[in-house]
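In what follows, chains are A, B, ... by sequence order, proteins preceding strands, each numbered from 1.
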Amino acid sequence: NAGVTQTPKFQVLKTGQSMTLQCAQDMNHNSMYWYRQDPGMGLRLIYYSASEGTTDKGEVPNGYNVSRLNKREFSLRLESAAPSQTSVYFCASSTHREGTEAFFGQGTRLTVV
Amino acid sequence: AQKITQTQPGMFVQEKEAVTLDCTYDTSDQSYGLFWYKQPSSGEMIFLIYQGSYDEQNATEGRYSLNFQKARKSANLVISASQLGDSAMYFCAMRAFYGNNRLAFGKGNQVVVIP
């Protein structure tokens, strides 16, 4: 079972470059999430999508855009990368049902120089 | 908005001993779930245990148990009989099941198990 697949796993960008992080899940989940993880800060929510066609800002949305392309895919775009966006990015998905956990991708380690 | 607080500094625990990781949360939602995840040094997020806000009994999963005190908004994780492989970051998380059901995380607790 693939679960949640994120690509790429590693990326180095120059300041000002753009890129899109891809995420796909094969569990028919309604909700999808993008987080960033920085040392000592835990996982901070960037954007969230409760269902296909809907997206909401999370705790740290500035500098990012998202697209919920369909039920399976939720992409995160950095239009003009900044060194402050150096981080590990996680995509996750879940159902809305009580008692069900979120499943995570393997993470993308992004460095902006 | 939900807020999850994990304030303990890094913890060292002797192998085979128990360790308790504190988590408090703040929410106005009545129906919600609490989750604990483990993140080893390899980086993946591993789900450990779940507690629903209406569950009357504390959740248990093998060596993991959750000490849930709803009135105090506390959901502490207890790891019994620690093993070297338990060395990791541990994150507490919360999700409401109606309305705003985004998943919010605390900052984590670092645990190092020593032989």
State the CZ-CD distance between A:Phe90 and B:Glu44, to the nearest 0.5 angstrom.
8.5 Å
Looking at side-chain heavy atoms only, is the closest gap between B:Trp36 and A:Glu101 below 4.5 Å?
no
Side chain, backbone, both or neither of B:Tyr98 within contact of chain A (heavy atoms, under 4.5 Å):
side chain
Heavy atoms of A:Gly40 and B:Lys107 approach each other most closely as O-CD, 3.6 Å
So which of A:Arg97, A:Arg109, A:Gln106, A:Glu98 has the biggest tally of heavy-atom pairs under 4.5 Å with chain B?
A:Glu98
Chain B shares the most heavy-atom pairs under 4.5 Å, among A:Thr95, A:Asp56, A:Val88, with A:Thr95
Answer with side chain, backbone, both or neither: which region of B:Ser42 has an atom nearer than 4.5 Å to a non-hydrogen atom of chain A?
neither
Tell me, for B:Gln6 versus chain A, whether the close heavy atoms (under 4.5 Å) come from the side chain, the backbone, both or neither.
neither
Looking only at A:Gly42, A:Gly58, A:Ser49, the option with the highest number of non-hydrogen pairs under 4.5 Å against chain B is A:Gly42
If I measure from the heavy atoms of chain B, does A:Leu43 come under 4.5 Å with its side chain, its backbone, both, or neither?
both
Euclidean distance, A:Thr100 OG1 relative to B:Phe47 CZ, rounded to 0.5 Å
9.0 Å
Is any side-chain heavy atom of B:Tyr37 less than 4.5 Å from a side-chain heavy atom of A:Phe104?
yes
Are side-chain heavy atoms of B:Met45 and A:Tyr35 found at a separation under 4.5 Å?
no
Between B:Arg102 (side chain) and A:Lys57 (backbone), is there a donor-acceptor pair under 3.5 Å?
yes
Interatomic distance, B:Phe105 atom CZ to A:Gln37 atom CD [nearest 0.5 angstrom]:
9.5 Å
Is it true that atom NZ of B:Lys16 has more than 12 heavy atoms of other residues, nucleotides or ligands lying nearer than 6.0 Å?
no
